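Some notes on the structure that comes next.
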Amino acid sequence: MSALPLLLDDVLLRPDIWRGDRLAGLDAESVSSSFAQLDAELPGAGWPRGALVELLADARGMGEVSMLLPALQQCTADALPVAIVAPPGMAHAPAWAAHFPLKQVLVVEAPRDDIAWSVELLLASGALGAVLAWLPAKIGNKSLRRLQLAAEGSRSLAFMFRPLSCMQTASPAPLRLSLRGHQQGLQVDIFKRRGPPCEKTLLLQVARPLPWSRVRSDQPPMRRPQLEVVESKPRQRVV
Amino acid sequence: MSTLWLALRFYRFPLEAFDAAEPPAVAAAQHLVVCANAQAEALGVEAGMRLSGALGLAPGLNVHERQPLREAEALDRLACWAGNFSPHVSLAAPDELLLEIGGCLRLFGGLKVLCGLIRDGAVAQGFSTYMALAPTPRAAQWLARAGREVCCKDAQAGRKNLQDLPVNVIGLSYAEEQTLASLGARRLKDLFALPASGLARRFGIGLPQQLAQALGEAPDLRREFVFPACFVQKLELPAKVEQAAMLLFAARRLLASLSGWLSARAAGVAECDLVLLHEDGIADTHLVLAFASPTRELERMERVLRERLDRLALSAAVTDLRLEAATPVHLPGSTLGLFAQSSAQSLDPVIERLRARLGKQAVHAMQIKEDHRPECATLAVERADVQAVQAGLPRPFWLLPKPQALQERGGALHYGGVLQRVAGPERIESGWWDQGESCAEGVALGNVQRDYYVAVSRRGEWLWIFRDTQGWWLQGVFA
């Protein structure tokens with residue numbers, strides 16, 4: 001059998017194949033998050049375009065949107081609008097106006113059953129710079145896969161907010177982060193990425209109405225929560 | 001620029017003018033089959049057959065009595081649709097359209113592209129067509145009648161292609177065709193060989209003149225189709241329709257007609273009204289198709305239509321459809337770039353599809369209203385109407401639908417642990433003018449006297465809270 005002279009290095013150039021100890025390259029471009037410590041841990045050194053980014057958070061107001069502001073501002077600077085789908089509160093125009101031209105912000109108040117459909121439509125349109133969506137807790141894997149496919153066909157940034165409880169379930173999103181509030185910054189754990197597992201817990205000094213130093217912190221930095229490993233017991237055979 | 005005529009012959013028109021697509025079917029007049037669709041033909045049914053014979057071959061046959069009036073209306077609609085491709089359209093009743101496309105080839109990017117568009121458009125509306133191109137309308141018409149799909153760019157090629165056509169393409173009476181047959185003239189070339197004076201004596205001046213027109217030797221003036229001044233088109237459904245999705249096929253024909261009518265007038269519509277008429281005594285259903293910006297693109301209109309029909313539950317059976325476009329606005333075509341430029345797609349088609357499903361209010365842009373009260377500071381507006389503004393103090397991205405009361409224990413505020421106030425107070429005192437007045441949302445907010453603070457919870461949540469005479473409240477989150 002004559003084997004093709006296929007070099008390992010050639011194989012490794014493919015964006016969907018990477019060595020276990022390195023971060024994968026991206027076939028699409030990325031947008032810098034403008035946090036150096038976060039960029040260092042993200043494949044492609046920034047938020048990937050054309051891929052779902054899952055942000056898992058339970059509380060509101062920890063800076064989960066502020067963390068994305070630099071990337072979103074880059075979109076609106078390129079005259080690409082940003083869509084907010086099913087926001088967790090009433091969008092307050094004066095706050096958004098401080099960061100974006102309001103013309104570039106589109107609010108879509110979809111009922112729970114139509115959120116996935118709306119996001120898919122927005123991603124597939126290719127007319128948006130970024131889509132921020134608050135997905136319902138019980139979204140099926142099939143819907144997520146459809147969203148990932150829609151994202152792959154576009155150049156949009158796709159940030160999907162989901163509750164922390166979704167950490168245990170698998171998802172087709174190539175990048176998944178969990179966000180927790182802390183009195184010294186926003187605590188970010190990357191628990192799925194194309195590359196080696198991320199051991200570090202990042203504490204991002206996201207933009208707040210006041211400097212972080214104004215908050216008196218009485219807590220130690222939180223420890224990274226360990227993923228529970230649920231072992232399936234071998235089923236006993238009934239004789 | 002030479003003139004080039006495109007003849008479109010809808011060869012199953014008596015049947016396809018019925019706005020339904022159920023197989024197999026025939027159109028019949030006086031117990032004779034006039035026209036059969038492909039499924040019926042596969043069973044052996046042919047035009048000219050007796051209806052009883054056809055029913056014997058295909059017992060499940062749907063028989064439509066031929067309706068010349070409906071055919072005339074359908075041809076008018078198709079003429080409107082043809083406005084998409086050329087401003088010069090003329091009708092050749094009962095089942096042909098003539099388009100002068102010599103001047104439009106450049107606009108559409110060549111003959112092939114244009115013919116493809118026309119054929120796709122006809123197929124999408126459910127019409128079977130023969131298309132032929134020739135320098136004279138008469139020649140194009142005859143070629144299409146014979147089912148020869150050829151393109152003759154000059155008179156010479158036209159003559160060559162006409163030679164072999166049978167004489168029945170001229171549309172003479174049965175007796176005249178018999179006379180011609182007895183003369184031994186079966187093809188057009190036989191007629192071209194005969195002297196014109198002799199033909200004129202036997203058949204009248206019409207026949208030699210038509211032959212000369214086909215060859216481009218005599219003028220052939222066609223009456224141009226006049227696009228109606230306002231667009232209101234009615235379409236009678238062949239049968240009562242109970243399910244909304246079944247209306248799509250017929251409504252699409254109306255929309256295709258509207259889009260052509262709009263292009264002929266260089267106009268667009270921001271909304272049009274599809275009226276579903278029910279049987280006597282039941283009020284009409286109005287289905288307003290709204291677009292995010294004026295448009296005449298058929299694809300956009302169809303998507304919105306589909307979205308609306310998907311969600312529609314019919315209260316009663318529909319007998320007729322009517323499409324009205326009351327307010328067309330001027331919409332010039334766009335200029336193409338000299339070089340291939342990739343431009344970002346427009347957001348408007350997405351917005352109108354979202355709106356068709358979620359409702360108009362659900363999709364909007366924001367605008368700051370000059371009001372200090374946070375609840376009143378945001379206005380939902382159209383994207384096009386947003387004006388640039390200066391932002392002021394830091395404000396939270398989200399407001400709670402209603403302020404939420406905060407617990408106070410031992411002099412400290414609690415929200416998942418003790419709250420720490422990091423900024424404030426900021427006094428907002430405003431709104432005495434609309435105390436107790438009613439407004440769109442019910443009762444106006446009225447006068448507020450609040451001291452706002454920024455607070456941070458033990459879980460790292462940055463909150464916007466205020467104190468008024470009734471206590472402490474949480475109103476916003478700095479997401």
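Naming: A, B, ... by sequence-line order, numbering from 1 per chain. What you see is a predicted model; the values in this text were computed from it and never measured.
Using a 4.5 Å cut-off on side-chain heavy atoms (C-beta onward), A/Ser66 and B/Phe478 make no contact. Residues A/Met90 and B/Thr378 form no side-chain contact, since every pair of their non-hydrogen atoms from C-beta on lies 4.5 Å or further apart. Side-chain atoms of A/Met62 and B/Val456, non-hydrogen and from C-beta on, never get closer than 4.5 Å to each other.
Using cut-offs of 30° and 60° for the angle between ring planes, the A/Trp212 and B/Trp462 rings count as perpendicular.
Per-residue heavy-atom pair counts under 4.5 Å with chain B were compared for A/Ala93, A/Pro111, A/Pro81, A/Gly89, and the maximum is reached by A/Ala93. Top candidate by heavy-atom pairs under 4.5 Å with chain B, chosen from A/Gly63, A/Gly185, A/Ala83, A/Ala124, is A/Gly63. Interface summary for chain A: among B/Leu399, B/Asp385, B/Val363, the most heavy-atom pairs under 4.5 angstrom belong to B/Leu399. The candidate with the highest count of non-hydrogen atom pairs below 4.5 Å against chain A, out of B/Glu307, B/Lys369, B/Glu375, is B/Glu307. Between chain A and the options B/Ala479, B/Gly476, B/Pro394, B/Pro401, heavy-atom pairs under 4.5 Å are most frequent for B/Ala479.
Residues from residues 139-158 of chain A never place a non-hydrogen atom less than 4.5 Å from a non-hydrogen atom of chain B. Annotation: residues 100-110 of chain A contacts chain B through A/Leu102, A/Lys103, A/Gln104, A/Val105, A/Leu106, A/Val107, A/Val108, A/Glu109, A/Ala110 [non-hydrogen atoms, separation under 4.5 Å].
Within 6.0 Å of atom CZ in B/Arg427, more than 12 heavy atoms from other residues, nucleotides or ligands are found, so the atom counts as buried in its surroundings. For B/Trp432, the CH2 atom is loosely surrounded, since the number of other residues' heavy atoms within 6.0 Å does not exceed 12. The number of heavy-atom neighbours closer than 6.0 Å to CD of B/Gln407, taken from other residues, nucleotides and ligands shown, is 12 or below. The number of heavy atoms from other shown groups lying within 6.0 Å of CD (B/Gln243) does not exceed 12.
Of the atoms belonging to A/Leu69, it is side-chain heavy atoms, and not backbone ones, that fall under 4.5 Å from chain B. Only the backbone of B/Gln367 comes within less than 4.5 Å of a heavy atom of chain A; no side-chain atom from C-beta onward does. In this structure, chain A has heavy atoms under 4.5 Å from both the backbone and the side chain of B/Pro374. For B/Gln361, the part lying near chain A is the backbone, with the side chain staying farther off; criterion is any non-hydrogen pair under 4.5 Å. For A/Leu186, no part lies under 4.5 angstrom from a heavy atom of chain B.
Taking the centre of each ring, A/His99 and B/Phe397 come in below the 6.0 Å mark.
Rounded to the nearest 0.5 Å, atoms CH2 (A/Trp117) and CG (B/Leu358) are 5.5 Å apart. In this structure, CG in A/Asp58 is found 10.0 Å from CD in B/Glu461, a value given to the nearest 0.5 Å. Rounding to the nearest 0.5 Å gives a distance of 14.5 Å between CD of A/Gln187 and CZ of B/Arg459. Atom CG of B/Leu354 and atom CG of A/Asp114 lie 9.5 Å apart (nearest 0.5 Å).
Here the closest non-hydrogen pair linking B/Met366 and A/Ala91 is SD-CB, 3.5 Å. Of all the heavy atoms in B/Ala377 and A/His92, the pair that sits closest is CB-CE1, 3.9 Å. Between B/Val477 and A/Gly61, the shortest heavy-atom contact is CB-CA, 4.1 Å.
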Would you sort out whether B/Ile368 and A/Trp96 count as a side-chain contact (heavy atoms from CB on, under 4.5 Å), showing the intermediate values? CA-CA 10 Å; B/Ile368 297 180; A/Trp96 292 91; over 6 Å; no

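Remark: the backbone N or O of B/Val422 is paired with a side-chain donor or acceptor of A/Arg214 at under 3.5 angstrom. Panel note: side chain A/Ser125, backbone B/Val350; no donor-acceptor pair is recorded below 3.5 Å.
A salt bridge does not link B/Arg357 with A/Asp113: none of the charged nitrogens is closer than 4.0 Å to a carboxylate oxygen.
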